[in-house]
Number of protein chains: 2
Amino acid sequence: MKHYPATFLKYISILQRNTSRYFDMVLEPFGIGSGQQFFLRQIYENEGISMYDLAKIGCFDKGTVTKAVQKLEELGYVKILADEKDRRIKRLHITSAAQQVLEKVYQKRDLWKNSLTENIPPEKEKELEQLLEKMAQISCQELSAVAKQREEIHDKRRNTQP
Amino acid sequence: MKHYPATFLKYISILQRNTSRYFDMVLEPFGIGSGQQFFLRQIYENEGISMYDLAKIGCFDKGTVTKAVQKLEELGYVKILADEKDRRIKRLHITSAAQQVLEKVYQKRDLWKNSLTENIPPEKEKELEQLLEKMAQISCQELSAVAKQREEIHDKRRNTQP
DNA sequence: TAAAAATAGTTGACTTTTCAACTATTTTCC
DNA sequence: GGAAAATAGTTGAAAAGTCAACTATTTTTA
(Lines give C-alpha, C1' and ligand atoms only; values in the text may rest on other atoms or scores of the structure.)
Protein backbone atom coordinates (compact mmCIF):
# COMPACT_ATOMS: atom_id res chain seq x y z
CA MET A 1 0.00 0.00 0.00
CA LYS A 2 1.31 3.44 -0.81
CA HIS A 3 2.17 6.18 1.62
CA TYR A 4 -0.73 8.33 2.76
CA PRO A 5 0.04 11.88 3.91
CA ALA A 6 -1.83 13.45 6.81
CA THR A 7 -4.59 15.97 6.22
CA PHE A 8 -5.84 18.96 8.19
CA LEU A 9 -8.89 16.92 9.21
CA LYS A 10 -6.94 15.62 12.18
CA TYR A 11 -6.37 19.15 13.45
CA ILE A 12 -10.05 20.02 13.04
CA SER A 13 -10.88 16.99 15.17
CA ILE A 14 -8.41 17.95 17.90
CA LEU A 15 -9.53 21.58 17.91
CA GLN A 16 -13.19 20.68 18.20
CA ARG A 17 -12.68 18.13 20.97
CA ASN A 18 -10.47 20.44 23.00
CA THR A 19 -12.85 23.36 22.55
CA SER A 20 -15.69 21.24 23.92
CA ARG A 21 -13.59 20.14 26.87
CA TYR A 22 -12.65 23.74 27.56
CA PHE A 23 -16.26 24.93 27.62
CA ASP A 24 -17.26 21.97 29.79
CA MET A 25 -14.65 23.00 32.36
CA VAL A 26 -15.25 26.73 32.48
CA LEU A 27 -19.06 26.62 32.28
CA GLU A 28 -19.51 23.88 34.86
CA PRO A 29 -20.30 26.41 37.64
CA PHE A 30 -23.37 27.53 35.67
CA GLY A 31 -24.82 24.07 35.16
CA ILE A 32 -24.30 24.14 31.40
CA GLY A 33 -21.73 22.41 29.21
CA SER A 34 -20.28 22.74 25.74
CA GLY A 35 -23.53 21.48 24.26
CA GLN A 36 -25.57 24.49 25.29
CA GLN A 37 -23.29 27.49 24.89
CA PHE A 38 -23.77 27.86 21.14
CA PHE A 39 -27.55 27.76 21.40
CA LEU A 40 -27.63 30.20 24.30
CA ARG A 41 -25.59 32.71 22.29
CA GLN A 42 -27.71 32.30 19.18
CA ILE A 43 -30.97 32.78 21.06
CA TYR A 44 -29.55 35.90 22.67
CA GLU A 45 -28.43 37.26 19.30
CA ASN A 46 -31.69 36.29 17.56
CA GLU A 47 -34.52 36.89 20.03
CA GLY A 48 -37.54 34.76 19.17
CA ILE A 49 -35.66 32.43 16.83
CA SER A 50 -37.32 29.07 16.10
CA MET A 51 -35.75 25.69 16.84
CA TYR A 52 -35.70 24.97 13.14
CA ASP A 53 -33.66 28.09 12.33
CA LEU A 54 -31.36 27.38 15.24
CA ALA A 55 -30.62 23.97 13.75
CA LYS A 56 -30.00 25.46 10.31
CA ILE A 57 -27.58 28.14 11.57
CA GLY A 58 -25.27 25.59 13.15
CA CYS A 59 -25.91 22.66 10.79
CA PHE A 60 -27.28 20.67 13.75
CA ASP A 61 -29.76 17.82 13.80
CA LYS A 62 -33.14 19.03 15.04
CA GLY A 63 -33.06 16.47 17.85
CA THR A 64 -29.90 18.09 19.15
CA VAL A 65 -31.62 21.47 19.29
CA THR A 66 -34.67 20.11 21.12
CA LYS A 67 -32.51 18.55 23.81
CA ALA A 68 -30.16 21.50 24.27
CA VAL A 69 -33.06 23.95 24.49
CA GLN A 70 -34.90 21.70 26.97
CA LYS A 71 -31.87 21.79 29.23
CA LEU A 72 -31.58 25.57 28.94
CA GLU A 73 -35.27 25.89 29.81
CA GLU A 74 -34.95 23.59 32.84
CA LEU A 75 -32.10 25.75 34.09
CA GLY A 76 -34.27 28.83 33.66
CA TYR A 77 -32.08 30.47 31.00
CA VAL A 78 -34.57 30.23 28.13
CA LYS A 79 -38.34 30.60 27.68
CA ILE A 80 -40.15 28.59 25.00
CA LEU A 81 -43.27 30.17 23.49
CA ALA A 82 -45.48 28.79 20.73
CA ASP A 83 -45.86 30.96 17.64
CA GLU A 84 -49.41 32.35 17.48
CA LYS A 85 -49.83 32.09 13.73
CA ASP A 86 -48.16 28.73 13.17
CA ARG A 87 -48.50 26.57 16.22
CA ARG A 88 -45.89 24.07 15.04
CA ILE A 89 -43.19 26.67 15.58
CA LYS A 90 -41.68 27.32 19.00
CA ARG A 91 -39.99 30.66 19.55
CA LEU A 92 -37.12 31.00 21.98
CA HIS A 93 -36.35 33.84 24.39
CA ILE A 94 -33.55 34.61 26.83
CA THR A 95 -34.52 35.17 30.49
CA SER A 96 -32.97 37.75 32.77
CA ALA A 97 -31.37 34.92 34.73
CA ALA A 98 -29.27 34.12 31.67
CA GLN A 99 -27.51 37.50 31.48
CA GLN A 100 -24.74 36.49 33.89
CA VAL A 101 -24.07 33.24 32.09
CA LEU A 102 -24.06 34.92 28.71
CA GLU A 103 -21.37 37.35 29.84
CA LYS A 104 -19.26 34.43 30.99
CA VAL A 105 -19.86 32.44 27.82
CA TYR A 106 -18.73 35.28 25.56
CA GLN A 107 -15.81 36.11 27.82
CA LYS A 108 -14.52 32.55 27.95
CA ARG A 109 -15.10 31.99 24.26
CA ASP A 110 -13.05 35.08 23.41
CA LEU A 111 -10.26 34.06 25.80
CA TRP A 112 -10.07 30.64 24.15
CA LYS A 113 -10.15 32.05 20.62
CA ASN A 114 -7.49 34.62 21.47
CA SER A 115 -5.19 31.94 22.89
CA LEU A 116 -5.48 29.98 19.67
CA THR A 117 -4.83 32.92 17.34
CA GLU A 118 -2.28 34.77 19.47
CA ASN A 119 0.50 34.54 16.90
CA ILE A 120 -1.55 34.90 13.76
CA PRO A 121 -1.60 38.32 12.07
CA PRO A 122 -5.14 39.77 11.72
CA GLU A 123 -5.25 39.55 7.93
CA LYS A 124 -4.16 35.90 8.05
CA GLU A 125 -6.82 35.22 10.64
CA LYS A 126 -9.45 36.83 8.47
CA GLU A 127 -8.37 34.65 5.57
CA LEU A 128 -8.41 31.53 7.75
CA GLU A 129 -11.92 32.33 8.92
CA GLN A 130 -13.15 32.76 5.36
CA LEU A 131 -11.63 29.48 4.24
CA LEU A 132 -13.17 27.64 7.19
CA GLU A 133 -16.55 29.23 6.54
CA LYS A 134 -16.44 28.13 2.92
CA MET A 135 -15.37 24.59 3.86
CA ALA A 136 -18.07 24.32 6.52
CA GLN A 137 -20.64 25.36 3.94
CA ILE A 138 -19.36 22.80 1.44
CA SER A 139 -19.42 20.10 4.12
CA CYS A 140 -23.13 20.67 4.69
CA GLN A 141 -23.92 20.44 0.97
CA GLU A 142 -21.65 17.46 0.45
CA LEU A 143 -23.18 15.60 3.36
CA SER A 144 -26.71 16.17 2.06
CA ALA A 145 -25.62 14.77 -1.29
CA VAL A 146 -24.09 11.64 0.26
CA ALA A 147 -27.16 11.14 2.50
CA LYS A 148 -29.51 11.51 -0.46
CA GLN A 149 -27.56 8.98 -2.50
CA ARG A 150 -27.69 6.52 0.39
CA GLU A 151 -31.42 7.03 0.78
CA GLU A 152 -32.03 6.26 -2.89
CA ILE A 153 -30.07 3.01 -2.61
CA HIS A 154 -32.12 2.05 0.47
CA ASP A 155 -35.37 2.84 -1.33
CA LYS A 156 -34.30 0.78 -4.34
CA ARG A 157 -33.52 -2.19 -2.07
CA ARG A 158 -36.89 -1.83 -0.38
CA ASN A 159 -38.70 -1.86 -3.74
CA THR A 160 -36.85 -4.79 -5.31
CA GLN A 161 -36.72 -6.91 -2.14
CA PRO A 162 -40.12 -6.45 -0.48
CA MET B 1 -24.61 43.97 26.41
CA LYS B 2 -22.36 44.78 23.52
CA HIS B 3 -22.31 43.14 20.14
CA TYR B 4 -20.34 39.90 19.90
CA PRO B 5 -18.95 38.95 16.49
CA ALA B 6 -18.84 35.33 15.38
CA THR B 7 -15.62 33.37 15.48
CA PHE B 8 -14.21 30.57 13.35
CA LEU B 9 -14.94 28.15 16.21
CA LYS B 10 -18.41 27.66 14.80
CA TYR B 11 -17.00 26.46 11.49
CA ILE B 12 -14.62 24.07 13.24
CA SER B 13 -17.62 22.59 15.04
CA ILE B 14 -19.62 22.17 11.83
CA LEU B 15 -16.67 20.70 9.94
CA GLN B 16 -15.94 18.15 12.64
CA ARG B 17 -19.55 17.05 13.05
CA ASN B 18 -20.09 16.69 9.32
CA THR B 19 -16.82 14.82 8.86
CA SER B 20 -17.91 12.32 11.52
CA ARG B 21 -21.29 11.89 9.90
CA TYR B 22 -19.64 11.36 6.53
CA PHE B 23 -17.34 8.61 7.83
CA ASP B 24 -20.25 6.98 9.66
CA MET B 25 -22.16 6.76 6.39
CA VAL B 26 -19.42 5.54 4.09
CA LEU B 27 -17.79 3.09 6.51
CA GLU B 28 -21.02 1.50 7.69
CA PRO B 29 -20.59 -1.48 5.32
CA PHE B 30 -17.38 -2.42 7.15
CA GLY B 31 -18.84 -2.38 10.63
CA ILE B 32 -16.78 0.60 11.73
CA GLY B 33 -17.75 4.23 12.25
CA SER B 34 -16.05 7.60 12.48
CA GLY B 35 -14.66 6.67 15.88
CA GLN B 36 -12.35 3.96 14.59
CA GLN B 37 -11.01 5.24 11.28
CA PHE B 38 -8.34 7.47 12.77
CA PHE B 39 -6.97 4.73 15.01
CA LEU B 40 -6.99 2.16 12.22
CA ARG B 41 -4.93 4.47 10.02
CA GLN B 42 -2.47 5.30 12.78
CA ILE B 43 -1.88 1.66 13.67
CA TYR B 44 -1.29 0.88 10.01
CA GLU B 45 1.17 3.77 9.69
CA ASN B 46 2.91 2.95 13.00
CA GLU B 47 3.04 -0.84 13.31
CA GLY B 48 3.36 -1.88 16.94
CA ILE B 49 2.35 1.50 18.37
CA SER B 50 1.17 1.53 21.99
CA MET B 51 -2.25 2.73 23.13
CA TYR B 52 -0.56 5.51 25.05
CA ASP B 53 1.19 6.88 21.95
CA LEU B 54 -1.99 6.53 19.95
CA ALA B 55 -3.74 8.75 22.47
CA LYS B 56 -0.95 11.31 22.38
CA ILE B 57 -0.84 11.55 18.58
CA GLY B 58 -4.51 12.50 18.37
CA CYS B 59 -4.84 14.28 21.72
CA PHE B 60 -7.41 11.67 22.78
CA ASP B 61 -8.36 10.50 26.24
CA LYS B 62 -6.87 7.08 26.92
CA GLY B 63 -10.32 5.66 27.60
CA THR B 64 -11.32 6.58 24.06
CA VAL B 65 -8.35 4.66 22.68
CA THR B 66 -9.09 1.55 24.74
CA LYS B 67 -12.66 1.43 23.48
CA ALA B 68 -11.88 2.14 19.84
CA VAL B 69 -9.12 -0.48 19.78
CA GLN B 70 -11.36 -3.06 21.49
CA LYS B 71 -13.92 -2.58 18.73
CA LEU B 72 -11.27 -2.92 16.04
CA GLU B 73 -10.03 -6.11 17.67
CA GLU B 74 -13.54 -7.58 17.91
CA LEU B 75 -13.98 -6.93 14.20
CA GLY B 76 -10.71 -8.70 13.50
CA TYR B 77 -8.93 -5.65 12.09
CA VAL B 78 -6.34 -5.29 14.87
CA LYS B 79 -4.23 -7.62 17.03
CA ILE B 80 -3.27 -6.56 20.56
CA LEU B 81 0.02 -7.95 21.91
CA ALA B 82 1.65 -7.23 25.27
CA ASP B 83 5.13 -5.74 25.19
CA GLU B 84 7.67 -8.33 26.40
CA LYS B 85 9.91 -5.91 28.27
CA ASP B 86 7.23 -3.73 29.86
CA ARG B 87 4.06 -5.69 30.39
CA ARG B 88 1.96 -2.60 31.06
CA ILE B 89 2.30 -1.65 27.40
CA LYS B 90 0.05 -3.15 24.71
CA ARG B 91 1.32 -3.03 21.14
CA LEU B 92 -1.10 -2.84 18.23
CA HIS B 93 -0.89 -4.56 14.86
CA ILE B 94 -2.99 -4.51 11.68
CA THR B 95 -4.37 -7.86 10.46
CA SER B 96 -4.60 -8.90 6.82
CA ALA B 97 -8.38 -8.66 7.10
CA ALA B 98 -8.00 -4.91 7.60
CA GLN B 99 -6.30 -4.23 4.26
CA GLN B 100 -9.58 -3.82 2.36
CA VAL B 101 -11.05 -1.49 4.93
CA LEU B 102 -7.88 0.58 5.07
CA GLU B 103 -8.00 1.14 1.32
CA LYS B 104 -11.57 2.34 1.64
CA VAL B 105 -10.81 4.56 4.64
CA TYR B 106 -7.99 6.36 2.86
CA GLN B 107 -9.97 6.61 -0.35
CA LYS B 108 -13.04 8.10 1.32
CA ARG B 109 -10.98 10.40 3.49
CA ASP B 110 -9.22 11.81 0.42
CA LEU B 111 -12.51 12.23 -1.45
CA TRP B 112 -13.95 14.17 1.47
CA LYS B 113 -10.84 16.32 1.90
CA ASN B 114 -10.71 17.06 -1.84
CA SER B 115 -14.35 18.16 -1.87
CA LEU B 116 -13.66 20.60 0.93
CA THR B 117 -10.52 22.11 -0.62
CA GLU B 118 -11.58 22.00 -4.26
CA ASN B 119 -11.36 25.74 -4.77
CA ILE B 120 -8.38 26.47 -2.58
CA PRO B 121 -5.00 26.96 -4.31
CA PRO B 122 -2.34 24.50 -3.08
CA GLU B 123 -0.17 27.13 -1.39
CA LYS B 124 -3.19 28.52 0.49
CA GLU B 125 -4.10 25.00 1.55
CA LYS B 126 -0.59 24.41 2.85
CA GLU B 127 -0.82 27.61 4.85
CA LEU B 128 -4.24 26.67 6.21
CA GLU B 129 -2.93 23.29 7.30
CA GLN B 130 0.01 24.85 9.11
CA LEU B 131 -2.22 27.33 10.94
CA LEU B 132 -4.59 24.56 12.02
CA GLU B 133 -1.70 22.39 13.17
CA LYS B 134 -0.35 25.22 15.29
CA MET B 135 -3.76 25.98 16.77
CA ALA B 136 -4.42 22.31 17.53
CA GLN B 137 -1.10 22.16 19.33
CA ILE B 138 -1.88 25.29 21.35
CA SER B 139 -5.31 23.90 22.23
CA CYS B 140 -3.68 20.84 23.83
CA GLN B 141 -1.30 22.96 25.89
CA GLU B 142 -3.99 25.47 26.85
CA LEU B 143 -6.36 22.72 27.92
CA SER B 144 -3.72 21.11 30.14
CA ALA B 145 -3.14 24.49 31.77
CA VAL B 146 -6.85 25.05 32.47
CA ALA B 147 -7.23 21.49 33.77
CA LYS B 148 -4.24 21.88 36.08
CA GLN B 149 -5.59 25.16 37.47
CA ARG B 150 -8.93 23.52 38.16
CA GLU B 151 -7.26 20.60 39.89
CA GLU B 152 -5.34 22.92 42.20
CA ILE B 153 -8.54 24.70 43.20
CA HIS B 154 -10.20 21.34 43.91
CA ASP B 155 -7.20 20.23 46.01
CA LYS B 156 -7.31 23.49 47.97
CA ARG B 157 -11.01 23.00 48.70
CA ARG B 158 -10.36 19.45 49.82
CA ASN B 159 -7.65 20.60 52.23
CA THR B 160 -9.53 23.52 53.79
CA GLN B 161 -12.91 21.75 53.99
CA PRO B 162 -12.15 18.18 55.08
C1' DT C 1 15.33 -3.02 49.38
C1' DA C 2 10.77 -1.60 50.65
C1' DA C 3 7.50 2.15 50.28
C1' DA C 4 5.93 5.71 47.35
C1' DA C 5 5.21 7.60 42.95
C1' DA C 6 4.66 7.20 38.19
C1' DT C 7 2.98 4.91 34.07
C1' DA C 8 -0.24 2.07 30.95
C1' DG C 9 -4.46 0.60 30.43
C1' DT C 10 -9.59 -0.51 31.87
C1' DT C 11 -14.11 0.50 33.41
C1' DG C 12 -18.67 2.66 34.44
C1' DA C 13 -21.25 6.80 34.50
C1' DC C 14 -22.23 10.74 31.98
C1' DT C 15 -22.73 14.29 27.99
C1' DT C 16 -23.32 15.43 23.33
C1' DT C 17 -24.81 14.26 19.01
C1' DT C 18 -27.15 11.72 15.44
C1' DC C 19 -30.69 8.80 13.26
C1' DA C 20 -35.16 7.03 12.46
C1' DA C 21 -39.68 6.77 13.69
C1' DC C 22 -43.15 9.29 15.68
C1' DT C 23 -46.96 13.34 16.66
C1' DA C 24 -49.10 17.54 15.49
C1' DT C 25 -49.98 21.23 12.57
C1' DT C 26 -50.10 23.61 8.12
C1' DT C 27 -49.92 23.75 3.07
C1' DT C 28 -50.73 21.85 -1.45
C1' DC C 29 -53.52 20.35 -4.92
C1' DC C 30 -57.22 17.37 -6.97
C1' DG D 1 -63.40 20.66 1.08
C1' DG D 2 -60.60 16.85 2.05
C1' DA D 3 -56.70 13.66 1.12
C1' DA D 4 -51.80 13.85 0.61
C1' DA D 5 -47.56 16.01 1.36
C1' DA D 6 -44.69 19.04 3.74
C1' DT D 7 -43.04 21.20 7.95
C1' DA D 8 -41.76 21.74 13.08
C1' DG D 9 -40.66 19.49 16.83
C1' DT D 10 -40.14 15.16 20.13
C1' DT D 11 -38.42 10.77 21.51
C1' DG D 12 -35.62 6.53 22.32
C1' DA D 13 -31.69 3.97 20.99
C1' DA D 14 -27.01 4.09 19.82
C1' DA D 15 -22.13 5.92 19.03
C1' DA D 16 -18.21 8.60 20.41
C1' DG D 17 -15.73 10.90 23.70
C1' DT D 18 -14.54 12.36 28.47
C1' DC D 19 -13.77 11.97 33.42
C1' DA D 20 -12.60 9.87 37.63
C1' DA D 21 -11.65 5.94 40.01
C1' DC D 22 -9.68 1.68 39.52
C1' DT D 23 -5.90 -2.39 38.59
C1' DA D 24 -1.45 -3.84 37.41
C1' DT D 25 2.96 -3.08 36.44
C1' DT D 26 7.50 -0.42 36.60
C1' DT D 27 10.49 3.29 38.33
C1' DT D 28 12.06 6.36 41.86
C1' DT D 29 13.72 7.39 46.17
C1' DA D 30 14.57 7.44 51.04
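In the text below, chain A, chain B and the rest are named by the order of the sequence lines, each starting its count at 1.
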Subject >> More than 12 heavy atoms of other groups within 6.0 Å of Glu84(B) CD >> reply: no
**OP:** State yes or no: are the ring centers of Phe39(B) and Phe60(B) separated by less than 6.0 Å?
**Re:** yes
**OP:** May I ask you to decide if Gly58(A)'s main-chain N or O and Arg17(B)'s side chain share a donor-acceptor pair within less than 3.5 Å?
**Re:** yes
**OP:** Can you tell me which residue pairs pass the side chain to side chain donor-acceptor pair (under 3.5 Å) test with a partner in residues 124-136 of chain A, sequence neighbours excluded?
**Re:** Lys113(A)-Glu125(A), Lys124(A)-Glu127(B), Glu127(A)-Lys124(B)
Original post:
Does Thr64(B) make a side-chain N or O approach to OP1 or OP2 of dG17(D) shorter than 4.0 Å?
Top reply: no
Original post:
Does the Asp24(B) side chain pair with the main chain of Ser34(B), one donor and one acceptor, at a distance under 3.5 Å?
Top reply: yes
Original post:
Counting any heavy atom closer than 4.0 Å, what does Gly63(B) reach on the DNA or RNA strands: base, sugar-phosphate only, or nothing?
Top reply: base
**OP:** Measure from the side-chain N and O atoms of Thr95(B) to the backbone N and O of Gly76(B), and report whether any donor-acceptor pair falls under 3.5 Å.
**Re:** yes
Original post:
Between the side chain of Ser50(A) and the main-chain N/O of Asp53(A), is any donor-acceptor distance below 3.5 Å?
Top reply: yes
**OP:** Calculate the interatomic distance between Leu81(B) atom CG and dG9(C) atom P; express it in whole Å.
**Re:** 13 Å
Original post:
Under 3.5 Å, side chain of Tyr22(A) to main-chain N/O of Lys108(A), donor-acceptor pair present?
Top reply: yes
**OP:** Check whether any side-chain nitrogen or oxygen of Gln36(A) sits under 4.0 Å from OP1 or OP2 of dT16(C), and answer yes or no.
**Re:** yes
Subject >> Check: Ser96(B) main-chain N/O paired with Gln99(B) side-chain donor or acceptor under 3.5 Å >> reply: no
Subject >> Distance, rounded to the nearest Å, where Phe38(B) contributes CZ and dG17(D) contributes P >> reply: 10 Å
**OP:** Return no unless some side-chain N or O of Lys71(B) is found under 4.0 Å from OP1 or OP2 of dA16(D).
**Re:** yes
Subject >> Length of the line joining Lys67(B):NZ and dC14(C):P, which is rounded to integer Å >> reply: 13 Å
Subject >> Under 3.5 Å donor-acceptor, Asp83(A) side chain and Ile89(A) backbone >> reply: no
**OP:** Let me know the distance between CG of Asp83(A) and P of dT26(C), rounded to the nearest Å.
**Re:** 9 Å
**OP:** Using modelled atom types only, decide if a donor and an acceptor are shared between the side chain of Gln42(B) and the backbone of Ile57(B) within a distance under 3.5 Å.
**Re:** no
Original post:
With the 4.5 Å side-chain cut-off for hydrophobic clustering, are Ile14(B) and Phe23(A) part of the same group?
Top reply: no
**OP:** Enumerate the residues from residues 48-62 of chain A whose closest heavy atom to DNA chain C is under 4.0 Å, giving them by residue number; use none for an empty result.
**Re:** Phe60(A), Asp61(A)
Original post:
Which pairs, with at least one residue in residues 54-75 of chain A and sequence neighbours excluded, count as a side chain to side chain donor-acceptor pair (under 3.5 Å)?
Top reply: none
Original post:
If you measure from the Lys or Arg side-chain nitrogens to the Asp or Glu carboxylate oxygens, is any gap between Asp86(A) and Arg88(A) under 4.0 Å?
Top reply: yes
Subject >> Nearest-Å distance for atom pair CG/P, residues Leu72(B) and dA16(D) >> reply: 10 Å
**OP:** Using a cut-off of strictly less than 4.0 Å between a heavy atom of the residue and any atom of DNA chain C, enumerate the qualifying residues of residues 86-95 of chain B by number.
**Re:** Arg88(B), Ile89(B), Lys90(B)
Original post:
What parts of residues 13-25 of chain B reach DNA chain C, counting only heavy atoms under 4.0 Å away?
Top reply: Arg17(B), Arg21(B), Met25(B)
Subject >> Estimated bend of the helix from dT1(C)-dA30(D) to dC30(C)-dG1(D) (axis per five terminal pairs, rounded to 10 degrees) >> reply: 20°
Subject >> Lys85(A) or Ala68(A), whichever maps to the more 5' nucleotide of DNA chain C >> reply: Ala68(A)
